[in-house]
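One structure below.
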Protein chains: 2
Amino acid sequence: MRTVDPARHARKRAGILQAAAAEFAAHGVDGTSTAAICRRAGIGSGTLFHYFATKRDIFHALFADDVPRHAAACDRALAAERPDDGLDGLVDHLLADLPDPLVPGLAAAAFLQANRDEEFAGMIVADDARIRATLVTLAERLADAGRPLAFPPARVAGWIQRMVDASYLSAGEDGFDAAEQAAELRRIIDWLVGRSPAPARAEGHT
Amino acid sequence: MRTVDPARHARKRAGILQAAAAEFAAHGVDGTSTAAICRRAGIGSGTLFHYFATKRDIFHALFADDVPRHAAACDRALAAERPDDGLDGLVDHLLADLPDPLVPGLAAAAFLQANRDEEFAGMIVADDARIRATLVTLAERLADAGRPLAFPPARVAGWIQRMVDASYLSAGEDGFDAAEQAAELRRIIDWLVGRSPAPARAEGHT
DNA sequence: CCATTAATAGAGTGCGTGCTCTACTATTGG
DNA sequence: CCAATAGTAGAGCACGCACTCTATTAATGG
C-alpha cells in the first residue's frame with residue numbers, strides 16, 4: 001500500500017490554483033486554456049487533470065475555498081456585542097483582498113460564469129445572499145437602536161455590498177491605494193448608517 | 001453601377017449588433033461563438049462577415065458607438081452655467097442605460113477584453129478618462145465655489161464613477177428598481193459634494 | 001526491497017471554432 | 001432590361017481546444 005500525503009497534495013493543488021487564478025483573472029474562463037495554466041504552473045496536462053477533473057472545477061475551487069471564510073466572518077459579525085463593531089469587522093473582512101490585483105479580473109470572470117454555469121451561480125448567489133442578510137440584520141439592529149440610517153436597512157446593506165464591489169473594480173487602476181480606498185469607503189458607510197465619522201480609526205490591518 | 005443604401009445597411013448592422021450584444025453579455029467575448037450570433041440574428045455566417053471583419057470588430061463596434069455620445073455629454077456638462085447642473089446632467093446621462101439588462105454582462109465582458117486587446121483597452125480607457133476628467137473639473141468648480149466636498153475633487157470624481165459602475169453591477173438582481181437606485185445614488189452624490197439635503201443628522205463634517 | 005499506487009509527462013484525439021470561399025439572389029443606375 | 005455589385009447562405013478548412021491514454025518515475029507500507 002501507499003497512502004497519499006495530504007500536505008504534499010494540498011501544496012501542489014494550491015500552486016495550480018494560484019497559476020489558474022492569474023490566468024482566469026487576465027483572460028476569463030473561456031479565454032484561458034488549460035495549456036496556459038499548465039505552462040504557468042510548470043506542469044504537464046496529465047498532472048493538471050490528476051488534480052482537477054475539468055477546467056470548470058478549477059474555477060469552482062477558486063471560489064469554493066472562500067465560502068466558509070465568508071460564513072465565519074458573518075457569524076462573527078452577528079455575534080458581536082455592538083452592531084457597529086460587527087459591521088466594521090465584516091467590512092474589514094470584505095475589503096481584506098483589496099490589495100490583491102487579481103480580484104477584479106476574477107470577479108468579472110465569475111460574473112460571466114454565473115450566466116452559463118448553474119452550479120457556480122448557485123454557489124455565488126448563496127454566498128452573496130448570506131453576506132447581504134448579515135448586513136441587513138446589522139443595519140436593522142442599528143435602526144432599532146435609534147440610529148438614523150440614510151436608507152431603509154435593506155437598501156443600506158445593498159449599497160455597502162455594491163460599494164465593496166465597486167472598490168474591487170477600481171483596484172488595479174493607476175495610482176490605486178487600497179488603504180485610502182478602504183478609509184473612504186468606511187467614511188461613506190459611516191454616513192449611510194448615520195454614524196459621525198470616528199476620527200482617524202486604526203487602519204493598520206495588513 | 002449600384003450604390004449601397006446606407007439606411008438599409010445601417011439597419012442590418014444594428015440588428016446584428018443587437019444580437020451580438022445579447023450573446024456577449026451572457027457569455028463574454030470568448031464564450032460567444034460567431035455561429036451563436038448568426039443564429040440569434042437569423043443570418044448566415046457569410047452575412048455576418050460581410051458586415052464585420054472579425055468577431056473582435058463586432059465587440060468593438062458595440063462600444064465605439066457610445067464614445068461620441070459620452071463626449072457630447074461631457075461637453076454639455078462643462079458648458080453648463082452652474083456646476084451643479086452640469087454634474088446632475090452628466091450623472092443622468094451615465095445612468096441612462098440602467099434599465100438595460102444587458103449592460104452588466106457587457107461591462108464584465110469589456111473588463112476582461114481590455115486585458116487582452118490593446119486597441120479595445122485604449123478606447124475604453126480614453127472614454128473613462130474623459131468622463132473622469134469632466135467629473136474632476138466639475139468637483140473643482142464646486143470646491144472653488146466654497147462647497148465642502150467629502151473628499152478631494154479627484155476622489156469625489158472617482159467615487160461617483162465607481163458608484164455608477166456599482167449600480168450597473170447590481171442591475172438585473174431580483175427586485176432591482178432603476179429609478180430607486182438612481183434616486184439613492186443622487187442622494188449619496190449630494191453628500192459627496194456637500195450639497196444640502198442631508199438626512200436628519202448633525203451636519204458638521206469638520 | 002518489493003508491491004502498490006500516487007504523481008507526472010506528453011503525445012494523441014475528436015470536436016468546435018473563427019473565418020474563407022464559392023455560388024446564388026436582390027437591387028440599383030443607365 | 002441589362003450589367004454590375006451589394007447582400008446572403010452555407011459548406012468547408014485549418015487550427016486550437018479540453019481532455020484521454022499510455023508510459024514512466026517517485027514514494028510509501030509491510
Side-chain angles (χ1 to χ4, degrees), chain A residues 1-24 26-62 109 112-113 115-117 119-120, chain B residues 1-62 109 112-113 115-120:
Chain A
M1 263 296 282
R2 182 203 160 190
T3 55
V4 61
D5 177 354
R8 178 193 169 91
H9 187 92
R11 220 177 318 123
K12 192 86 187 186
R13 194 185 120 107
I16 295 174
L17 283 180
Q18 190 176 354
E23 292 295 329
F24 284 140
H27 310 118
V29 176
D30 292 299
T32 295
S33 69
T34 55
I37 298 174
C38 292
R39 225 175 301 126
R40 186 182 279 260
I43 60 176
S45 64
T47 305
L48 181 68
F49 288 101
H50 177 73
Y51 285 87
F52 298 95
T54 65
K55 184 169 80 164
R56 217 185 65 146
D57 280 352
I58 304 175
F59 193 71
H60 285 202
L62 236 34
L112 287 170
Q113 185 68 9
N115 283 323
R116 16 186 16 212
D117 178 344
E119 188 186 341
F120 182 75
Chain B
M1 261 297 282
R2 181 202 161 188
T3 57
V4 61
D5 176 356
R8 178 195 169 88
H9 188 92
R11 220 178 317 123
K12 193 85 186 187
R13 194 185 121 109
I16 295 174
L17 283 179
Q18 191 177 352
E23 292 295 329
F24 285 140
H27 309 119
V29 177
D30 293 300
T32 295
S33 68
T34 55
I37 298 174
C38 292
R39 223 175 301 126
R40 187 182 278 258
I43 60 174
S45 64
T47 306
L48 180 69
F49 287 101
H50 177 73
Y51 285 87
F52 298 95
T54 64
K55 184 169 81 164
R56 216 186 64 146
D57 280 351
I58 304 175
F59 193 70
H60 285 203
L62 237 33
L112 288 170
Q113 186 68 9
N115 283 324
R116 12 185 20 210
D117 178 343
E118 220 158 313
E119 189 186 341
F120 182 74

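Residue numbering restarts at 1 for every chain, and letters A, B, ... go by the order of the sequence lines.
- Using a 4.0 Å heavy-atom cutoff across all strands shown, A/Gly42 reaches sugar-phosphate atoms only and no base atom.
- Between B/Ala19 and B/Arg40, the shortest heavy-atom contact is O-CD, 3.4 Å.
- Look at A/Lys12 and you won't find any side-chain N or O under 4.0 angstrom from OP1 or OP2 of C/dA6.
- Between B/His27 and A/Asp30, the shortest heavy-atom contact is O-OD2, 4.0 Å.
- For the residue pair A/Ser45 and A/Cys38, the shortest heavy atom distance occurs at CA-SG, 3.6 Å.
- Nearest heavy atom pair, residue B/Leu17 against residue B/Ala61, reads CD2-CB, 4.0 Å.
- Taking side-chain N and O atoms only, A/Tyr51 has no distance below 4.0 Å to OP1 or OP2 of C/dA6.
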Short heteroatom pairs, N/O only, protein and nucleotides 22-26 of chain C, under 3.5 Å:
none

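- Exactly one residue among A/Val29, A/Thr54, A/Asp117 makes a side chain to side chain contact (heavy atoms under 4.5 Å, CB included) with A/Phe59. That residue is A/Val29.
- Residue contacts for A/Leu48: at a heavy-atom cut-off of 4.0 Å it reaches no nucleic acid atom on any strand shown.
- A heavy-atom distance below 4.5 Å is found between the side chains of A/Phe24 and A/Lys55.
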Dump the pairs, protein N or O against N or O of nucleotides 13-20 of chain C, anything under 3.5 Å, distances to one decimal.
| residue | atom | partner | partner atom | Å |
| --- | --- | --- | --- | --- |
| C/dG18 | OP1 | B/Thr32 | O | 2.9 |
| C/dG18 | OP1 | B/Thr34 | N | 3.4 |
| C/dG18 | OP1 | B/Lys55 | NZ | 2.7 |
| C/dG18 | OP2 | B/Thr34 | N | 2.7 |
| C/dG18 | OP2 | B/Thr34 | OG1 | 3.1 |
| C/dC19 | OP2 | B/Lys55 | N | 2.7 |
| C/dT20 | O4 | B/Ser45 | OG | 3.3 |

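- A/His50 has no side-chain polar atom (N or O) that falls below the 4.0 Å cut-off from OP1 or OP2 of C/dT8.
- Phosphate proximity of C/dA9 to A/Thr47: present, with a side-chain N or O under 4.0 Å from OP1 or OP2.
- Of all heavy-atom pairs between B/Ile37 and B/Leu48, the closest is CG2-CD1, 4.1 Å.
- Between A/His9 and A/Tyr51, some side-chain heavy-atom pair lies under the 4.5 Å cut-off.
- Atom pair A/His27:NE2 and D/dC17:C1' shows a separation of 16 Å (rounding to whole Å applied).
- Atom CZ in B/Arg13 sits about 18 Å away from atom C1' in D/dT8, given to the nearest Å.
- A 4.5 Å side-chain heavy-atom check between A/Gln113 and A/Arg56 finds at least one atom pair inside the cut-off.
- Here the C1' atom of nucleotide C/dT27 and the CZ atom of B/Arg11 are 13 Å apart, to the nearest Å.
- The distance between atom CD1 of A/Ile43 and atom P of D/dT25, rounded to the nearest whole Å, is 20 Å.
- Within residues 16-23 of chain B, no residue places a heavy atom under 4.0 Å from DNA chain C.
- Residue B/His9 has no polar side-chain atom (N or O) positioned under 4.0 Å from OP1 or OP2 of D/dA6.
- At least one donor-acceptor pair closer than 3.5 Å links the side chain of A/Thr32 to the backbone N or O of A/Glu23.
- Across all their heavy atoms, B/Ala26 and A/Asn115 have their closest contact at O-CB, 3.1 Å.
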